[in-house]
Colleague: 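What follows is a structure written as structure tokens; I'll ask about it next.
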Amino acid sequence: MSRSNLGIVRASALKLVPPLDSRNFLNNARLGQIHCRHWRDHHAAGIGDVERICVEMAGAIARRHSDRARTFCVLFSHRHLHHPEHSLEPAVVDLQALGRLASLKTMAKNSPKAQYSSIMAKSSRQKALDRHVAQLLRCRRCPRMKSTPVSGGAIVSDIMIVGQAPGPREPVLKRPFAHTAGKTLFRWFEEFCGMNEAAVRSKIYFAAVCRCFPGKNSGGTDRVPAPDEIRNCSSWMDDEIEILQPRLVIPVGRLAIMQFIDCVKLEKVIGRRFRVERAGHRFDLIPLPHPSGASPWHKIAPGKELLGRALKLIARHSAVAMKAASKSWTIAEIG
């Protein structure tokens with residue numbers, strides 16, 4: 001290609017263009033982010049992965065050479081994806097034009113019509129969840145349960161915390177995780193995610209395997225819900241997943257974890273993230289051990305280390321990070 005075809009790109013800038021056989025380029029190809037049809041995109045303004053990759057290349061140049069011209073000619077080759085006879089072809093990227101395009105997209109996203117649609121969708125979801133919680137509180141399916149259902153409220157959220165079942169204090173205080181286990185759980189969230197109890201309760205939806213207190217067993221500890229009670233209550237969780245379409249579900253305790261994945265040993269699942277499906281919806285799952293003082297698992301090795309790893313995964317998850325960074329964590333909002 002002649003010097004004239006290189007346009008205004010300077011030699012020093014060209015050195016910053018990633019080699020076409022670089023790891024990122026080939027990874028994009030293997031992941032299917034570059035499609036076969038793009039080898040036919042011979043026009044420089046073609047919309048697709050060719051343009052996207054050229055923009056990424058030119059963006060790297062622009063950041064390192066802010067004093068240079070704002071239009072770049074980037075050589076792009078398809079030879080690693082298709083046939084060796086395909087030659088290099090130029091693609092001109094005008095960063096100023098792209099900036100204007102990005103501004104237009106942002107304006108469209110923030111337009112009154114788009115905002116109205118978003119508000120209406122959230123309002124519809126809120127109404128559905130309000131009806132759901134009202135029906136849940138009237139549930140009396142399991143005669144052996146020793147309380148009526150406990151709910152954390154109709155909190156529209158893309159994050160769900162799933163507990164096992166309320167203890168004896170929760171029905172009296174009318175909220176989940178209201179006693180010792182709750183104090184520990186909320187301390188974990190505050191330490192790793194920067195979210196106090198008020199923040200967690202106001203921004204995350206609380207569910208449970210069973211919503212009523214099962215009572216005590218002969219040994220004096222809380223009774224584990226029976227299989228038929230778990231089945232009776234499972235439809236409530238399915239409905240919540242359908243309504244909320246969560247991005248992240250956090251099951252707390254072995255019983256809660258087993259509603260989504262196998263859990264023979266906590267060591268095999270704590271500290272890991274899973275991609276699971278339930279009620280026709282796929283979401284991330286990051287399990288936690290139960291914070292009750294009945295088990296020291298999370299206080300000793302390897303549980304202590306795995307707990308920290310799990311909480312870091314939760315803190316780094318985009319759904320949690322957005323809420324933790326929000327400026328709306330106020331007590332006034334909860335009231």
Side-chain angles (χ1 to χ4, degrees), residues 125-126 128-139 145 147-190 192-193 195-214 222 225 229-230 233-260 278-279 281 283-292 310-311 314 317 319-320 323-324 326 329 331 333-335:
R125 188 169 294 182
Q126 183 69 68
L129 191 61
D130 287 340
R131 289 193 298 268
H132 169 85
V133 172
Q135 294 170 355
L136 167 65
L137 294 175
R138 293 194 296 268
C139 179
M145 289 294 184
S147 79
T148 55
V150 175
S151 170
I155 306 297
V156 174
S157 176
D158 54 1
I159 306 171
M160 289 177 62
I161 291 177
V162 180
Q164 299 189 146
R169 303 292 185 96
E170 279 74 9
V172 177
L173 298 173
K174 299 186 182 302
R175 62 180 186 271
F177 287 101
H179 197 46
T180 306
K183 292 179 181 178
T184 301
L185 178 68
F186 295 123
R187 187 179 71 248
W188 292 347
F189 271 85
E190 187 159 16
F192 285 85
C193 306
M195 297 161 57
N196 60 22
E197 178 178 349
V200 175
R201 290 192 184 278
S202 67
K203 294 294 184 179
I204 295 178
Y205 186 84
F206 279 79
V209 177
C210 289
R211 311 305 169 96
C212 303
F213 174 49
D222 292 353
E229 294 169 328
I230 294 174
C233 218
S234 63
S235 64
W236 296 114
M237 193 189 307
D238 290 340
D239 291 343
E240 289 157 354
I241 291 173
E242 289 180 7
I243 293 170
L244 295 173
Q245 300 285 289
R247 295 168 57 197
L248 173 63
V249 173
I250 305 169
V252 182
R254 188 191 303 273
L255 183 64
I257 297 169
M258 290 175 62
Q259 308 311 305
F260 302 94
R278 178 164 173 163
H281 176 65
F283 48 85
D284 291 333
L285 187 86
I286 303 179
L288 288 177
H290 202 278
S292 170
L311 290 167
I314 291 172
H317 195 280
V320 175
K323 286 177 170 52
S326 171
W329 297 115
I331 299 297
E333 181 185 54
I334 299 169

Colleague: Excluding sequence neighbours, so at least two apart, what forms ring pair (Phe, Tyr, Trp, His ring centres under 6.0 Å) with H132?
Modeller: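 Expected list: W236.
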
Colleague: Nearest 0.5 Å please: distance from the CE atom of M160 over to the CG atom of L248.
Modeller: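 With rounding to 0.5 Å, CE (M160) is 10.5 Å from CG (L248).
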
Colleague: Do I161 and V200 have side chains that approach each other closer than 4.5 Å (heavy atoms only, starting at C-beta)?
Modeller: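 In short, these two side chains touch, coming nearer than 4.5 Å.
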
Colleague: I need the E229 CD to S234 OG distance, nearest 0.5 Å.
Modeller: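 Reported to 0.5 Å precision, the distance equals 12.5 Å.
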
Colleague: Is there a side-chain contact between W188 and I314, using heavy atoms and a 4.5 Å cut-off?
Modeller: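 A side-chain contact under 4.5 Å is absent here.
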
Colleague: Under the salt bridge (charged side-chain N to carboxylate O under 4.0 Å, His left out) test, which residues partner E240, sequence neighbours left out?
Modeller: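 Testing E240 for salt bridge (charged side-chain N to carboxylate O under 4.0 Å, His left out), a comparison that skips the adjacent residues, returns R211.
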
Colleague: Applying side-chain hydrogen bond (donor to acceptor under 3.5 Å, both in side chains), can you list everything that pairs with H290, at least two apart in sequence or on another chain?
Modeller: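 H290: no side-chain hydrogen bond (donor to acceptor under 3.5 Å, both in side chains) contacts found.
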
Colleague: With sequence neighbours excluded, what pairs up with D284 under the side-chain hydrogen bond (donor to acceptor under 3.5 Å, both in side chains) test?
Modeller: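 With sequence neighbours excluded, D284 shows a side-chain hydrogen bond (donor to acceptor under 3.5 Å, both in side chains) to R275, H317, given in chain and number order.
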
Colleague: Taking the side chain as every heavy atom from C-beta outward, state whether V209 and M258 have any pair of such atoms under 4.5 Å apart.
Modeller: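 Side-chain contact under 4.5 Å: no.
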
Colleague: Measuring only between side-chain heavy atoms, which start at C-beta, is I230 closer than 4.5 Å to C210?
Modeller: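 Result yes, sub-4.5 Å side-chain heavy-atom pair found.
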
Colleague: Which heavy-atom pair separates D238 from A279 by the least distance, and what is that distance?
Modeller: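 Between these two residues, the closest heavy atoms are O-CB, 3.6 Å.
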
Colleague: Would you say S292's side chain and A181's backbone share a donor-acceptor pair under 3.5 angstrom?
Modeller: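 No.
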
Colleague: First locate atom CG of N196, then atom OG of S202, and finally report the distance between them rounded to the nearest 0.5 Å.
Modeller: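 Nearest 0.5 Å value for the CG-OG distance: 8.0 Å.
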
Colleague: Between CG of L244 and CZ of R125, what distance do you get to the nearest 0.5 Å?
Modeller: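 Interatomic distance, L244 CG to R125 CZ, rounded to 0.5 Å: 7.0 Å.
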
Colleague: Going by side chain to side chain contact (heavy atoms under 4.5 Å, CB included), name the residues that satisfy it together with C212, two or more places apart in sequence or in a different chain.
Modeller: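 Counting only residues at least two positions away or on another chain, C212 forms a side chain to side chain contact (heavy atoms under 4.5 Å, CB included) with M145, S147, P149.
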
Colleague: Main chain of P176, side chain of R201: is a donor-acceptor contact present, judged purely on distance under 3.5 Å?
Modeller: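 Present.
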
Colleague: Answer yes or no for R175 and F206: cation-pi contact, defined as NZ/CZ to six-membered ring centre under 6.0 Å and angle to ring axis within 45°.
Modeller: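 Not flagged: R175 not positioned over aromatic ring of F206.
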
Colleague: Do the non-hydrogen side-chain atoms of I250 and F189 ever get within less than 4.5 Å of each other?
Modeller: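 Of all side-chain heavy-atom pairs linking F189 with I250, at least one is under 4.5 Å.
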
Colleague: Please name the pair of heavy atoms, one in F177 and one in P291, separated by the smallest distance, quoted to 0.1 Å.
Modeller: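 Reported closest heavy-atom pair: CE2-CG, 4.4 Å.
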
Colleague: Run the ring pair (Phe, Tyr, Trp, His ring centres under 6.0 Å) test against H179 and tell me which residues pass, sequence neighbours left out.
Modeller: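 Checked H179 against ring pair (Phe, Tyr, Trp, His ring centres under 6.0 Å); zero matches.
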
Colleague: Could you pull out all residues at least two apart from D158 that satisfy salt bridge (charged side-chain N to carboxylate O under 4.0 Å, His left out)?
Modeller: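 Per chain and number, D158 pairs via salt bridge (charged side-chain N to carboxylate O under 4.0 Å, His left out) with R247, K323.
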
Colleague: State, to 0.1 Å, how close V320 and M195 come at their nearest heavy-atom pair, and which atoms those are.
Modeller: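 That would be CG1-SD, 4.0 Å.
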
Colleague: Quick one: side-chain hydrogen bond (donor to acceptor under 3.5 Å, both in side chains) partners of Q259, sequence neighbours excluded?
Modeller: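 For Q259, no residue satisfies side-chain hydrogen bond (donor to acceptor under 3.5 Å, both in side chains) once neighbours in sequence are set aside.
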
Colleague: With sequence neighbours excluded, what pairs up with R187 under the side chain to side chain contact (heavy atoms under 4.5 Å, CB included) test?
Modeller: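 Result, side chain to side chain contact (heavy atoms under 4.5 Å, CB included) vs R187: T184.
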
Colleague: Can you list the residues that meet the salt bridge (charged side-chain N to carboxylate O under 4.0 Å, His left out) rule with R254, with sequence neighbours excluded?
Modeller: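 For R254 there are no salt bridge (charged side-chain N to carboxylate O under 4.0 Å, His left out) partners, ignoring immediate neighbours.
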
Colleague: Atom CD1 in I257, atom CG in L288: separation rounded to 0.5 Å?
Modeller: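 That separation rounds to 7.5 Å.
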
Colleague: Applying side chain to side chain contact (heavy atoms under 4.5 Å, CB included), name anything that partners A134, two or more places apart in sequence or on another chain.
Modeller: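 Partners of A134 under the side chain to side chain contact (heavy atoms under 4.5 Å, CB included) test: R138.
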
Colleague: What pairs with A154 under side chain to side chain contact (heavy atoms under 4.5 Å, CB included), at least two apart in sequence or on another chain?
Modeller: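 A154 satisfies side chain to side chain contact (heavy atoms under 4.5 Å, CB included) with Q126, L129, D130, V133 once adjacent residues are dropped.
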
Colleague: Mind checking whether R169 and F213 have side chains closer than 4.5 Å, heavy atoms only?
Modeller: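 No, their side chains stay 4.5 Å or more apart.
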
Colleague: For a 4.5 angstrom cut-off between non-hydrogen side-chain atoms, does D222 reach Q164?
Modeller: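 When only atoms from C-beta onward are counted, Q164 and D222 do not touch, as no gap falls below 4.5 Å.
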
Colleague: On a heavy-atom basis, which atom in I155 and which in Y205 lie closest, and how many Å separate them?
Modeller: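 Reported closest heavy-atom pair: O-CD1, 3.4 Å.
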
